[in-house]
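Below: one structure, written as structure tokens.
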Amino acid sequence: MRAMVQHAYGPPEVIVPQEIAKPSPGSKEVLIRVHAAKVGPSDVAFRKGEPMMIKLIYGWSRPKFPVGGTELAGVVEAVGQEVKSFKAGDRVLGMSVKNFGAYAEYKCLSEESPLAMIPDGIAFEEAVGICDGGATALTFLRDKAKLRKGHRVLINGASGAVGIYAVQLAKYYGAEVTGVCSAANGALVREAGADYIIDYSLEDFTKAGKAYDAAFDAVGTRSFAACRRALTPKGVYLTTAPKLSIVLQMVWTSLFPGRRAVFATAGLMQNQANLAFLMELARNGALNAVIDRSYPLELLPDAHQYVETGRKKGNVIVKL
Ligand SMILES: NC(=O)c1ccc[n+]([C@@H]2O[C@H](COP(=O)([O-])OP(=O)(O)OC[C@H]3O[C@@H](n4cnc5c(N)ncnc54)[C@H](OP(=O)(O)O)[C@@H]3O)[C@@H](O)[C@H]2O)c1
């Protein structure tokens, strides 16, 4: 089968096309013919092997799993004899966070992995786009910030994949939403549902005198120290960026009442219920995919190059 592989860490050109063996499903696995997969900052980090922690976990001198990609959507082609919840022909959305493998024609996933049916009317690339960003935003806003009707929430980086779904989810939960983005992306973020827009090149939201119940730094460009000025007395600062400082602040602020700092490895915390919930929101129109660019699988290096600019809006997808 066709796949894009990388046998070394490095620039986008380390990803090359290769014919590899088609997998066959184990007794508790489903074999998926992949139609779409997402490309995001985490895929860029794995391709480069940076930060160093990635090499420690996924192979020091070269990647242990040469086929990258975590979020995928496609059609179930076959199932193992013990699989009960899925059957051949099902349109599914899945995540492969442990051993990747989305950038190939076929991928086997355990029946237990984050895997959900895609509703009729939702395209493969839309499903995978909503999962990229939507799943992370859901974990931060619903589970960590416990967002409720009437909460004031600020989303920093509202035009990125995490941010644009965070805006939509926050509206779904009945919050008043302020999106922080560039002027060029203001209309996109407003269309996603933001009540207020702050252009980060003109105004620093941490000094604007407004307090939020939750400030979600979806792009990880602002610190807790700065954002605490913009929180209500019991407000929470949430960030997607893994840093030692946020881990220490998280522990420290959990010991006392008052403003809290939260980081989560949301990408690793997904399950079938979350994916099914996102697909239900897509079906009823509460979540809409925002796809910036789609590339054919063979142009995966170009997709990486674009994602690495840090300027993408919503999702970048590769299609097979
Ligand atoms: N913790 C987790 O489990 C987890 C899960 C998923 C993702 N992440 C991380 O979350 C981060 C965001 O991912 P993503 O896919 O949403 O990123 P992304 O789509 O690549 O972010 C790009 C967007 O960020 C905007 N942006 C750039 N600098 C900004 C700034 N200073 N202020 C406000 N907006 C800015 C850009 O808009 P302009 O071009 O207009 O500036 C662009 O639209 C990444 O670091 C990713 O690794 C973490």
Side-chain angles (χ1 to χ4, degrees), residues 37-48 50-51 53-54 68-71 95 97-98 114 128-145 154-169 178-192 194 196-206 215-223 226-227 230 237-243 246-247 250 261-271 274 278 289-293 303-317:
K38 139 271 172 176
V39 187
S42 61
D43 304 297
V44 169
F46 283 113
R47 188 248 300 152
K48 295 165 88 170
E50 292 169 6
M53 183 63 79
I54 288 177
T70 45
E71 287 85 354
M95 291 176 79
V97 291
K98 286 196 189 126
V128 88
I130 287 169
C131 180
D132 164 35
T136 295
L138 184 66
T139 297
F140 275 100
L141 295 182
R142 182 196 62 187
D143 304 341
K144 301 294 176 187
L154 175 135
I155 316 285
N156 184 46
S159 55
V162 177
I164 205 77
Y165 297 109
V167 169
Q168 297 182 62
L169 283 167
T178 299
V180 182
C181 58
S182 64
N185 290 325
L188 175 79
V189 174
R190 197 175 280 285
E191 202 179 313
Y196 303 99
I197 303 289
I198 295 176
D199 175 349
Y200 66 76
S201 67
L202 297 180
E203 188 179 346
D204 180 348
F205 69 85
T206 71
F216 180 28
D217 189 2
V219 279
T221 56
R222 304 305 304 265
S223 66
C227 289
Y237 159 85
L238 311 113
T239 180
T240 56
K243 287 184 192 141
I246 186 68
V247 176
M250 198 165 141
V262 170
F263 164 75
T265 51
L268 302 175
M269 296 163 73
Q270 299 310 319
N271 53 40
N274 279 5
L278 291 172
V290 176
I291 296 174
D292 184 352
R293 293 188 185 181
H304 266 251
Q305 211 145 34
Y306 180 53
V307 171
E308 205 171 345
T309 63
R311 303 268 83 89
K312 79 173 165 70
K313 300 171 270 292
N315 316 112
V316 168
I317 306 290

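Counting starts at 1 for both ligands and their atoms, in listed order.
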Subject >> Polar atom proximity, S182 to ligand 1 (N or O, under 3.5 Å) >> reply: yes

Next on the checklist: Less than 6.0 angstrom from the centroid, inside 45 degrees of the normal: does R222 satisfy that with respect to the ring of F205?
Outcome noted: yes

protein heavy-atom neighbour closest to atom 23 (C) of ligand 1 works out as K312 O, 3.5 Å

In V189, D204, T178, the residue satisfying side-chain contact (heavy atoms from CB on, under 4.5 Å) with I198 is T178

Requested in this report: Measure the shortest side-chain to side-chain distance between D143 and L138 over non-hydrogen atoms and say whether it is less than 4.5 angstrom.
Outcome: no

Within the structure, does A264 bring an N/O atom to less than 3.5 angstrom of an N/O atom in ligand 1?
yes

min-distance protein heavy atom vs atom 45 (O) of ligand 1 -> P41 CB, 4.4 Å

Item to complete: Assess A241 for proximity to ligand 1: is some non-hydrogen atom of it under 4.0 Å away?
Response: no

Taking only non-hydrogen atoms of T240 and a 4.0 Å limit, the atoms of ligand 1 in range are 1 (N), 8 (N), 9 (C), 10 (O), 11 (C), 48 (C)

Any donor and acceptor pair, going by atom type alone, linking the side chain of T265 with main-chain N or O of L268 inside 3.5 Å? no

Query raised in the report: Is any side-chain heavy atom of D43 closer than 4.5 Å to a side-chain heavy atom of V307?
Result: no

Check: of Y306, Y165, Y200, min heavy-atom distance to atom 35 (C) of ligand 1 comes from Y200

Residue, atom and distance of the protein heavy atom nearest atom 14 (P) of ligand 1 read A161 N, 3.8 Å

Among V219, T265, D132, the residue with a heavy atom nearest to atom 24 (O) of ligand 1 is V219

_Charged N-O contact under 4.0 Å between R311 and D292_ = no

Note: heavy atom closest to atom 36 (C) of ligand 1, options S201, G310, G160, belongs to G310

Short version for V162: what comes under 4.0 Å of ligand 1, heavy atoms counted, is both

- Got an N/O contact under 3.5 Å between F263 and ligand 1? no

When rounded to the nearest 0.5 Å, the distance separating OH of Y165 from SG of C131 is 10.0 Å

Ligand 1 to G157, heavy atom cutoff 4.0 Å, flagged ligand atoms 33 (C), 34 (N)

Under 4.0 Å between heavy atoms, the region of N156 that gets near ligand 1 turns out to be side chain

S159 heavy atoms within 4.0 Å reach ligand 1 at atoms 25 (C), 36 (C), 37 (O), 42 (C), 43 (O)

Per-atom filter on ligand 1: closer than 4.0 angstrom to a heavy atom of G267 are 3 (O)

So for A218 against ligand 1, with non-hydrogen atoms under 4.0 Å, the contacting part is backbone

R311 N/O to ligand 1 N/O under 3.5 Å:
yes

If we number the atoms of ligand 1 from 1 as shown, the ones under 4.0 Å from a heavy atom of A266 are 2 (C), 3 (O)

| query | Does some side-chain heavy atom of D217 sit less than 4.5 Å from a side-chain heavy atom of Y237? | reply | yes

Report task. Decide yes or no for V316 and Y306: does some side-chain heavy atom of the first lie under 4.5 Å from some side-chain heavy atom of the second? Result -> yes

For atom 4 (C) of ligand 1, the closest protein heavy atom turns out to be T136 CG2, 4.1 Å

Ligand 1 to C181 polar contact by distance, N or O atoms, under 3.5 Å:
no

